[in-house]
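Since the structure comes first, as structure tokens, the remarks are kept for the end.
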Amino acid sequence: MSGKVRHTFVRPSWRCAGCGEAWPCADRRRRLLDRYQGEALRLDLRTMLGTWMVRAKRDLALPEEQAEARFIGWTYDAAA
């Protein structure tokens, strides 16, 4: 995996291992949207992100609204 940046989360900070942004970073969001196209797959994506959101809320003590916007809200803003 030489030279390839991995945009995955690092716990307990929930920062991106590749770029240091709050995870999911812009690159990871784009890649997830590319992978989960269509409404049925978008529901699968939201379910997966919801699971990570629950873990991040515990690690970071995030308020509900902030956690939802960071982990799930952006999926509704993107074209399905």
Side-chain angles (χ1 to χ4, degrees):
M1 216 172 60
S2 61
K4 189 170 184 174
V5 176
R6 295 203 40 159
H7 292 274
T8 187
F9 59 82
V10 176
R11 286 182 76 185
S13 69
W14 289 89
R15 306 298 290 178
C16 176
C19 65
E21 291 181 23
W23 196 92
C25 65
D27 185 82
R28 189 63 175 163
R29 288 178 183 196
R30 181 184 51 77
R31 290 175 191 237
L32 287 169
L33 289 174
D34 287 347
R35 183 173 178 190
Y36 291 89
Q37 293 183 8
E39 196 54 38
L41 288 177
R42 195 60 56 90
L43 181 57
D44 291 342
L45 172 60
R46 290 179 185 124
T47 301
M48 178 179 64
L49 289 169
T51 300
W52 289 332
M53 178 186 74
V54 170
R55 293 177 186 163
K57 279 177 49 181
R58 276 184 265 169
D59 289 344
L60 301 173
L62 290 173
E64 186 73 27
E65 300 80 25
Q66 186 180 1
E68 285 181 10
R70 177 174 169 176
F71 284 86
I72 299 171
W74 61 269
T75 66
Y76 292 99
D77 297 335

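Residue numbers run from 1 in the order of the sequence given. Computation of the quantities below employed the complete heavy-atom set of this structure, encompassing side-chain atoms and omitting hydrogens, waters and symmetry-equivalent molecules.
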Do [X] and [Y] come close enough that some side-chain heavy atom pair is under 4.5 Å?
X	Y	result
Leu49	Trp74	yes
Glu64	Met53	yes
Trp52	Pro24	no

_Shortest non-hydrogen contact from Ala26 toward Glu21_ =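 Looking at all heavy atoms of both residues, the shortest contact is N-OE1, 3.5 Å.
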
*Between Ile72 and Gly50, what is the shortest heavy-atom contact and its length?*
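Result for this residue pair: CD1-CA, 3.8 Å.
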
Which distance, rounded to the nearest 0.5 Å, do you find between the [atom1] of [X] and the [atom2] of [Y]?
X	Y	atom1	atom2	answer
Lys57	Glu68	NZ	CD	7.0 Å
Thr75	Tyr36	OG1	OH	12.5 Å
Phe71	Phe9	CZ	CZ	8.5 Å
Arg30	Leu32	CZ	CG	10.0 Å

*Are the side chain of Arg15 and the backbone of Gly20 linked by a donor-acceptor contact shorter than 3.5 Å?*
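Yes, Arg15 side chain to Gly20 backbone: donor-acceptor pair under 3.5 Å.
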
_Quick check against the 3.5 Å criterion: does Trp23 have a side-chain atom that pairs as donor or acceptor with the backbone of His7?_
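A pair under 3.5 Å: yes.
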
*Salt bridge Arg31-Asp34, side-chain N to carboxylate O under 4.0 Å*: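 The answer is no: the pair does not qualify as a salt bridge.
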
_Trace of the side-chain contact (heavy atoms from CB on, under 4.5 Å) decision for Gln66 with Leu60_ = CA-CA 11 Å; Gln66 186 180 1; Leu60 301 173; over 6 Å; no

*Carefully, step by step, assess Arg42 and Leu33 under the rule side-chain contact (heavy atoms from CB on, under 4.5 Å).*
CA-CA 8 Å; Arg42 195 60 56 90; Leu33 289 174; 3.5 Å; yes

*Indicate if Met48 and Leu41 have the same hydrophobic cluster label, given that clusters are the connected sets of ILVMFWY residues with side-chain heavy-atom separations under 4.5 angstrom.*
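Same cluster.
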
_Against the six-membered ring of Tyr76, is Arg46 placed for a cation-pi contact (under 6.0 Å from the centre, within 45° of the normal)?_
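Checked: cation-pi criterion met.
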
